[in-house]
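The structure appears below as structure tokens.
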Amino acid sequence: MELPVGAIEFLDPKLRQKGLLKASGKVELVAESLGEIRVKGHVAAAIEADCDRCLEPAPYPIDADFEAVLPAPGRWVRRRSEARRGRGGNGVYEGDGVELNDALREYVLLALPMQRLCSETCKGICPVCGQNRNQNQCQCRSAAVDDRWAALKQLK
């Protein structure tokens, strides 16, 4: 399956899909269950996100395996209402197939690092003038202030 840009909404304006999201896999009935379905697959996508330090765009290629267990189709009606209330459910049965866009969004988001950086040596933005320190070195001096001692300065 190939999903074009915009087919999956990542709910984060800092994330952008930069090409086709490709997913492949297989579906199997879970043995000794009440009809649960296991989806095992692989997802690959080119994601771009703003660096958490300097706000410049940075590429994050995703290439990860995933596995999802879905409830039996007959039991889905109850589960779908639970998902609307925020309790589980990461796929939707649609006709004779399974809609996995929500599950793919989840696995892409889980494959991204918690702190997204353009590089490990990113210097970030100057807190005084707002200049990107990776592009130009500013002359601003920002003194570290410890507000815990501010009340004692007033005693002088």
Side-chain angles (χ1 to χ4, degrees), residues 1-138 140 142:
M1 153 172 35
E2 293 184 350
L3 298 172
V5 174
I8 294 180
E9 186 178 344
F10 289 105
L11 306 175
D12 184 349
K14 295 180 185 177
L15 293 177
R16 295 167 295 280
Q17 183 180 333
K18 301 303 274 186
L20 290 176
L21 184 142
K22 297 178 182 180
S24 62
K26 65 179 184 174
V27 178
E28 59 188 23
L29 190 63
V30 176
E32 299 178 19
S33 73
L34 298 173
E36 292 177 327
I37 297 171
R38 175 178 292 127
V39 180
K40 289 183 179 181
H42 186 82
V43 62
I47 302 293
E48 183 179 77
D50 295 341
C51 175
D52 288 338
R53 290 185 189 161
C54 69
L55 303 177
E56 291 293 320
Y60 288 95
I62 303 296
D63 194 21
D65 293 326
F66 69 89
E67 182 175 339
V69 177
L70 304 174
R75 302 177 61 145
W76 184 252
V77 174
R78 182 178 58 80
R79 293 273 185 107
R80 187 171 40 201
S81 63
E82 290 175 3
R84 277 194 218 113
R85 292 191 305 262
R87 288 190 233 134
N90 60 355
V92 175
Y93 292 101
E94 190 174 282
D96 292 334
V98 179
E99 175 63 48
L100 292 174
N101 285 6
D102 290 341
L104 291 173
R105 175 192 313 118
E106 179 180 324
Y107 288 108
V108 167
L109 292 175
L110 288 172
L112 290 169
M114 289 294 291
Q115 186 176 26
R116 300 180 201 120
L117 301 176
C118 59
S119 73
E120 291 295 321
T121 60
C122 179
K123 297 175 185 176
I125 294 176
C126 174
V128 177
C129 69
Q131 190 170 5
N132 185 340
R133 291 179 176 169
N134 296 318
Q135 296 171 352
N136 295 317
Q137 190 63 33
C138 65
C140 299
S142 59

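Count residues from 1 along the sequence.
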Spacing of [X] atom [atom1] and [Y] atom [atom2] [to the nearest 0.5 Å]:
X	Y	atom1	atom2	value
L117	E56	CG	CD	13.0 Å
D102	E106	CG	CD	8.5 Å
K40	S24	NZ	OG	14.0 Å
Y107	I62	OH	CD1	14.0 Å
Q17	L3	CD	CG	7.0 Å
K22	L104	NZ	CG	14.5 Å

Beyond-backbone contact of [X] with [Y], side-chain heavy atoms, under 4.5 angstrom:
X	Y	value
H42	D63	yes
L70	V27	no
L55	K14	no
I8	V108	no
I47	F10	yes
R105	L109	yes

Could you pull out the closest heavy-atom pair between [X] and [Y], with the gap in Å?
X	Y	result
R16	D50	NH2-OD1, 2.8 Å
P4	L20	CA-CD2, 3.8 Å
C126	R133	CA-NE, 3.5 Å
C51	C118	SG-N, 3.3 Å
Q131	C138	OE1-CB, 3.5 Å
N134	K123	OD1-N, 2.9 Å

*Give a yes or no on whether the backbone of C122 and the side-chain of R53 come within a donor-acceptor separation of less than 3.5 Å.*
yes
*Where do R38 and E67 land on the salt bridge (charged side-chain N to carboxylate O under 4.0 Å, His left out) test, with the steps shown first?*
CA-CA 7 Å; R38 175 178 292 127; E67 182 175 339; 2.9 Å; yes
*Is the number of heavy atoms from other residues, nucleotides or ligands under 6.0 Å of E9 CD greater than 12?*
no
